[in-house]
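Heads up: the structure comes next, in structure tokens.
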Amino acid sequence: MTDETGAQLTKAQQIAAELKAAIERGDYGPGDRLPGENALATQHKVASLTARRALNILRTEGLVETKKGAGARVISFHPIRRRGIQRLARGQWGSGRTVWSADDHRAPDVDQITVSEDVVPPQHVSDVLELAPRQTVCVRSRRYVMDGRPVMVAESYLPQSLVAGSPITQADTGPGGIYARLADLGRAPAHFREEIRVRTPSAEEAARLAIPADRTVIKLARTAFDAEGRAVEINEMTMDSAAYVLEYEFDA
């Protein structure tokens, strides 16, 4: 059996592909238990270790969850459809709505948040924000949870001299969030740039997102610029790749 590129699949990959196809057909629905290692080993005439590797492939891809003594069950979580353009429109946060309300009918909870002031930023942050030597930033660190599952951790960096004394330095920034408060300060975002890459997580990232160490994460860095082209915020997000669909819709 080969994949789409013609490469030969291992036996574990073949078993995983068959199970994935069965899940996509609806043979196994959300919450259903998949055949165990021994059953798969017998069915496919392979060692139990090979069957375990097949189930681990599905776990890494975020299709199943495994618990000791309970086997593997199909995950019931529906990926978040992140609408990258609509969520950043000024009509969204400018009217007091959260950017998340543009994505789908669900809104995440923030179960961890810290706000740190007068932080010396990493050099790449200082460069993008065009800070002078020894200038500091305010850092807002959050973890977002959807349906009880961690889906993203994010750190926003904003010039300390710009946001000092404003609601941006508080845990709750108020309606419309950071961007609405920047508008209150006369530095409303007028342009955004997003950079996306995918890699394996650090040990800390995997722990905070409660994901396997070999599952990839989406690293999304967004920079907000004011009307004069000055960067006013950098938001560095680490997202569980199995929890998201990134959607970008725009006119030709």
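As a basis for the values below, the full set of heavy atoms in this structure was taken, side chains included, without hydrogen atoms, waters or symmetry mates. Owing to the predicted nature of the structure, the values given are computational and were not obtained by experimental measurement.
- The line from CZ of Arg230 to CG of Leu129 is 12.0 Å long, rounded to the nearest 0.5 Å.
- Between the CG atom of Leu34 and the CD1 atom of Ile23 there is a distance of 5.0 Å, given to the nearest 0.5 Å.
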Test side chain to side chain contact (heavy atoms under 4.5 Å, CB included) on Val151 and Val145 and set out the steps.
CA-CA 6 Å; Val151 294; Val145 176; over 6 Å; no
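- Nearest approach of Pro150 to Asp240, heavy atoms of both residues: O-OD2, 4.4 Å.
- Between the CD1 atom of Ile85 and the CZ atom of Phe250 there is a distance of 5.5 Å, given to the nearest 0.5 Å.
- Classification of Asp27 and Arg25 as a salt-bridged pair holds, one side-chain N sitting under 4.0 Å from a carboxylate O.
- The CZ atom of Phe77 lies 5.0 Å from the CZ atom of Arg149; values are rounded to the nearest 0.5 Å.
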Give the C-alpha distance, both sets of side-chain angles, the deciding distance and a yes or no for side chain to side chain donor-acceptor pair (under 3.5 Å) between Thr200 and Thr216.
CA-CA 4 Å; Thr200 54; Thr216 57; over 6 Å; no
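- Heavy atoms only, all atoms of each residue included: Ala72 and Leu55 are closest at CB-CD2, 4.3 Å.
- Remark: the backbone N or O of Ile168 is paired with a side-chain donor or acceptor of Arg140 at under 3.5 angstrom.
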Please test Thr223 against Glu233 for side chain to side chain donor-acceptor pair (under 3.5 Å), starting from the C-alpha separation and ending with a verdict.
CA-CA 6 Å; Thr223 305; Glu233 183 230 20; over 6 Å; no
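- Glu65 has no carboxylate O lying under 4.0 Å from a charged side-chain N of Arg73, or vice versa, which leaves the two without a salt bridge.
- In this structure, Arg81 does not pair ionically with Asp104, as no charged nitrogen and carboxylate oxygen lie closer than 4.0 Å.
- When all heavy atoms of Trp93 and Arg87 are compared, the closest pair comes out as CD1-O, 4.4 Å.
- Tyr28 meets the ring-ring contact (aromatic ring centres under 6.0 Å, His included) test with no other residue; sequence neighbours excluded.
- Ion pairing of Arg193 with Glu195 is present here, as a side-chain N (NZ or NE/NH1/NH2) and a carboxylate O approach within less than 4.0 Å.
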Walk me through it: do Glu61 and Lys20 pass the test salt bridge (Lys or Arg N to Asp or Glu O under 4.0 Å)?
CA-CA 10 Å; Glu61 292 185 8; Lys20 182 176 180 179; 3.5 Å; yes
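- With hydrogens and angles ignored, the 3.5 Å screen pairs no side-chain donor or acceptor of Arg187 with any backbone N or O of Arg181.
- When atom types are taken as modelled, the side chain of Arg215 and the backbone of Arg59 share a donor-acceptor pair closer than 3.5 angstrom.
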From CA spacing to verdict: side chain to side chain contact (heavy atoms under 4.5 Å, CB included), Leu131, Val137
CA-CA 9 Å; Leu131 301 179; Val137 295; 3.6 Å; yes
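- Just one residue in the list Thr169, Leu182, Ile234 forms a side-chain contact (heavy atoms from CB on, under 4.5 Å) with Leu158, and that residue is Leu182.
- When all heavy atoms of Arg199 and Ser202 are compared, the closest pair comes out as NH1-N, 3.9 Å.
- Side chain of Gln92 to main chain of Ala89: no donor-acceptor pair is present (N/O by atom type, distance under 3.5 Å, no hydrogens or angles).
- Under the 3.5 Å distance criterion, the side-chain polar atoms of Asp172 are matched with a main-chain donor or acceptor of Gly174.
- Ser101 places no side-chain N or O within donor-acceptor distance of the main-chain N or O of Arg97, the cut-off being under 3.5 Å.
- The closest side-chain heavy-atom distance from Val217 to Ser241 is not below 4.5 Å.
- Nearest heavy atoms, Leu88 versus Tyr179: CD2-CE1, 4.1 Å.
- Here CG of Asp184 is found 9.0 Å from OG of Ser166. Values are rounded to the nearest 0.5 Å.
- Residues Tyr144 and Val110 come closest through the heavy atom pair CE2-CG2, 3.5 Å.
- The stretch residues 119-132 participates, sequence neighbours left out, in these side chain to side chain donor-acceptor pair (under 3.5 Å) pairs: Gln123-Asp127, His124-Glu236.
- Looking at Arg142, Lys219, Arg208 one by one, the single match for salt bridge (charged side-chain N to carboxylate O under 4.0 Å, His left out) with Glu155 turns out to be Arg208.
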Ser141 vs Ile113, side chain to side chain contact (heavy atoms under 4.5 Å, CB included): CA-CA, chis, key distance, verdict
CA-CA 6 Å; Ser141 178; Ile113 181 168; over 6 Å; no
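- Each of Glu247, Glu194, Glu249 was evaluated against Arg82; a single residue qualifies, Glu194, per the salt bridge (charged side-chain N to carboxylate O under 4.0 Å, His left out) test.
- Rounded to the nearest 0.5 Å, atoms CD1 (Ile15) and CG (Leu58) are 10.0 Å apart.
- For the pair Thr60 (side chain) and Asn56 (backbone), a donor-acceptor distance under 3.5 Å is present.
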Evaluate side chain to side chain donor-acceptor pair (under 3.5 Å) for Gln160 paired with Glu117, printing each intermediate quantity in order.
CA-CA 7 Å; Gln160 182 68 38; Glu117 297 190 70; 2.8 Å; yes
